[in-house]
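These notes are about the structure you will find just below.
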Amino acid sequence: MKNLRELLRYPTAIIGLIIILGLIGVSIYAVVSMPYSEAIRLWRGGENVWAKNPKTAAPTWINLFRRRDLPATVVIDSKDETVGKTREVVSEDVTDIDFSFDFDYPYYDFPQEITLFFDAKYEEKQPHVSLTWLTPDGREIRIGSMALDSSSTTYRVSQDDTLERRLRTDLPAHEALFVADPTADALQLVQGTYTMKVSAKVFEPEADVDAELVMYGQVHGWAGTDHRRRDLSVALLWGTPIALAFGLLAALGTSLTTMIIAGVGTWFGGWVDGVIQRITEVNLILPTLPILVMVGTFYSRSIWLMLGVLIALYIFGGGIKTYRAIFLQVKESPYIEAAQAYGASDARLIFRYLIPRIIPTLLPNLVTLVPSFVFTEAALALLGLGDPILPTWGKVINDARFNGALYQGNYYWMLEPSFLLMLTGLAFSLLGFSLDRIFNPRLRGM
Amino acid sequence: MSVDVKRRESSDRVSLSEVGREREDGALLSVRDLRVWFELKRWGFLHAGYVHAVDGVNFDLHLGEAIGIVGESGCGKTTLMKTILGLYEPTDGEVSFAGSEVEAFGTQEMRTYRSAVGYVQQDPYGALPPFMDVQGILEEPMKIHGVKDSQQREQRIRDVMAEVKLTPIEDYVDKFPHMLSGGQQQRVVIARAMILEPRLIVADEPVSMLDASVRVEILRLLQGLQASHDLAVIYITHDLSTVRYFSEYIFVMYAGKLVERSRVNELLANPLHPYTEALLAATPDPDYRNALTQKEIPPGEPPSLVNPPSGCRFHPRCPHMMEGLCDVEEPPDFEPAPEHFAACWLHR
Amino acid sequence: MSQNNTLLRIEDLRLYFRTRQGVVQAVDGVDFKLGRNEAVVVLGESGCGKTSLARAVLRLLPRNVDTYSGHVYLDETDVMSLGDEEFRRNIRWVKMSMVPQAAMNALNPVLRVGEQVAEPMTAHYLADKDEALDQARRMFQHVGVPVDFLNRYAFELSGGMRQRAALAMALVTMPEMVFLDEPTSALDVLTQANIFNVLKRIKNDLEVSFILITHDIATSSELADRVAVMYAGQIVEMSDARRFFSDPLHPYSRMLMASVPRLKVEQEPTFITGHPPSLLGPPSGCRFADRCPSRFEKCVEEPPVIDEKGHQVKCWLYA
């Protein structure tokens, strides 16, 4: 309709609309590519879910800003053909299984960890592996040997104190492996092709050993990871529909209800109006956030409960006063009187005559209200009262703060969700202000 | 101080008689000793007096008759009109429609009454809901009164729009009020007033907010509708010069009372009440000589309706005031000439 | 020093506004003369541009002005050539002022009336606060409002009194001319007569000129020395009052006069069919042609302003 065309004349409205459409697009993508239950499962994390992610790794695009790239995560699976797994039967009981992981390491920084995930298949006799590390400059370092048990053995190089002592270094073991001389004072990381040789011995004809080498980089994914190795993109993506839904539902719920209450109160006047106004005035003084905090602490942190309480607190809020002022004015309109003269009932007058006049004011208010609810939800999460299972932006910020993200230089962790929050707020505000200018022509000059 | 206005709500009292039947003397609308007072409240609940907006009004109106009620702002004509429309309740006295008292109407009768009285307002733009198009506006009264068949509604809209000369109809039905000119808006208001086939039309300054060249057109339209439908019309205005062309009778109202009543030509030729004389003298015709003289006007302003003057309400401003009489006793309606009533001691 | 009797001379004044639908040519080439101590009425219906004319002369312009040109000679000085600040300081409300439409609603509800009326004096540095209040008091006496109302607030005054206060505010700096935009349209007939009595008295006592803008033909005769009729942004007739109210020249003026219901004379009023052209792109030729009963072939060309025995009329019938 013509209002839309009018809206598009404002560049701020266009920007706002584009961003909002983008956010909606992201939400749809998030929901479609990762159904709700899947998202929750991923976010809960746990042992195996994120095992192959580094902890608190920055997003990969950081490398665009660096002279020297930070290492990304490298994962090599022995089942992969390039690994060159060989199987040699040495004797009746013993079979040698060898494979080596070759990889290129052009980086100037260390990986966070090096871990080998073994997958051993056997019946009684545990296979035995020994690991050797070959550096590009020709050194061969014996890493260690161990027995494998049937539950997947995980060998974490960084946690191997023996290796560390053997290398006579203060560096963590996995870093020492990359350095020319671990004992020297000046550390020099050697670039080039490295090999992790795995020599396994199995003692049963049917037994087999497979392994996965994971070198955890310092960058991972487009959003980075958090302290529980969770890929932040899950939270950022899924946080979008949650934020939007929360904001929209709350804004819509409160606006419509407020409008109806104000309408009914203004229409009937007298004590009805008086009661509503007094409730509103008391409610305006009540502090929202502390009440939400109390509910969250003593009752439940479910997001639906928070939404409900928030709406309940907000319904009798400042909006009532604004709408009442407009309703009072509209109520005196000649066309309302004319409708009374031709017999319109009170209900009809309120819903068909009074309320449509409010819509022009309601719409911009509603739009500008959305970000405040989104921020409230984030604020709650920040205070530790967010919904415990949902991946929301606020939750990410909370985790970041709790884990000292800024102190440790993991700025991305804090900044990414903050940026998204800010973007949402900006988009709705821009759109809301433009709508306001259209529907309230007197502001047009500004 | 706040003013409490009693708004009429539909009552559940038992109806007395069938609406539509006329009284023995044929009067469609009968107003007897009507008083409408509004209570003033201090601090919201303490009684602080009454605004005597309408304070003793009597008249009869028959089908096919048009009366003009003339008076300045604050004289009570608007309150009178709204009481007739059923928007206010009488404090005393009665308004009867086709023989039955309006106050005693049950919900059903009240609804019939509302469909029998059409209301044309002063501000054509304000009288139309800005968010409804012409079709919607004209359908509303029909929907409220239970005309369920949309074909029927459609047909009625066509008929009415043809009557107010908003043709071709297709050009207007889907327009919103702000897309129409003042004259066109007023036609829609009139169409809406006519849509339920009323017997009585109440028009409150229907042309004062329109341009001079359009006024005559609209007044002619109303006149035509009155003639073709044999309507009773109450035409309220403060402009004496239009009244003579569009009503047979003039009532002059001052401070809540009717001070003079007569046929139009009789009153204009022979005004009997000093207030009427003042009004006539103050209403200019386009004549260059007006610029050369000062007009004689009664001093002062219309009185407060909370504490009206004792006796004749016009006495503080009247050049013919007789002490001891006019300021003490309220004059009754005298009839110095046939069918010409004046409430003034000069004609005792 | 010769006393030139012409106070205001307007030549080819144009004021166009830019709107979303296009350019509105509100004032489209107006020529006008106002003498000293003279009252001229600008008659016209809604949308003819008469309020814009007042705004154009007083340079009270909104932000969306497209064209603003012409010459406005006040006492033989072209005030159009003055800068905005100089105009504000020396001309507006000093030499000419205005009582805007619905002025009685334009009084500030939180200030006392006396202060408001005195304000133009202090705002233009013409007097200090006490002198200004004295002047306001004098003006109240001229307009006929009791002086103790100086200390009241706007809502305590009746409509008629508020209008008179607005008039006092326009007169307080003793300007040479005052625009009155529909001064009595919302007032009752007795109050209206009162206001016009006041205006007539002030015209005599203070020797002020008035330009009265209205659509009410009957009441305009209460003050008019001369009448200008405005139609679709142009002045189509300018006659003296005697001529105009008895026998106007332009067909539009004649039809307007015929549409006035008269009290004292039995004469059925008539109406004019159609409506004025939009100012968004006025038609070429005579703008009244399509509603004019005397239209003929020449009317497709824009008529010049013709002098007919001392009166001006813009119509081919008098060529």
Query raised in the report: Above 12 or not: heavy atoms from other molecules or residues under 6.0 Å from OH of A:Y29?
Result: no
Query - With sequence neighbours excluded, residues passing salt bridge (charged side-chain N to carboxylate O under 4.0 Å, His left out) with B:K175 - result: none
Query raised in the report: What pair of heavy atoms forms the shortest contact from B:F131 to A:R357, and how long is it?
Result: CE2-CG, 3.5 Å
**Report entry** Least distance between heavy atoms, B:K143 atom then A:R352 atom
**Finding:** NZ-NH2, 4.0 Å
Query raised in the report: Between A:A338 and B:Q121, what is the shortest heavy-atom contact and its length?
Result: CB-OE1, 3.2 Å
Query raised in the report: Can you tell me if CZ on A:F433 sees more than 12 non-hydrogen neighbours from other groups inside 6.0 Å?
Result: no
Requested in this report: Search all heavy atoms of B:L87 against all heavy atoms of A:A341 and return the closest pair with its distance.
Outcome: CD2-N, 3.9 Å
Query raised in the report: Looking at B:A193, B:P130, B:P198, which makes the most heavy-atom pairs under 4.5 Å with chain A?
Result: B:P130
Requested in this report: Under 4.5 Å, counting heavy-atom pairs only, tell me which of A:A344, A:G269, A:S333, A:G270 racks up the most with chain B.
Outcome: A:A344
Report task. Check A:G343 against B:I144 and note the closest heavy-atom contact, atom names and distance. Result -> O-CG2, 3.2 Å
Query raised in the report: What's the spacing between B:K82 NZ and A:E337 CD if we round to 0.5 Å?
Result: 3.5 Å
**Report entry** Toward chain B: residues of residues 248-261 of chain A with heavy atoms under 4.5 Å
**Finding:** none
Requested in this report: Could you tell me the separation between the OH atom of A:Y353 and the CD atom of B:E140, rounded to the nearest 0.5 Å?
Outcome: 3.0 Å
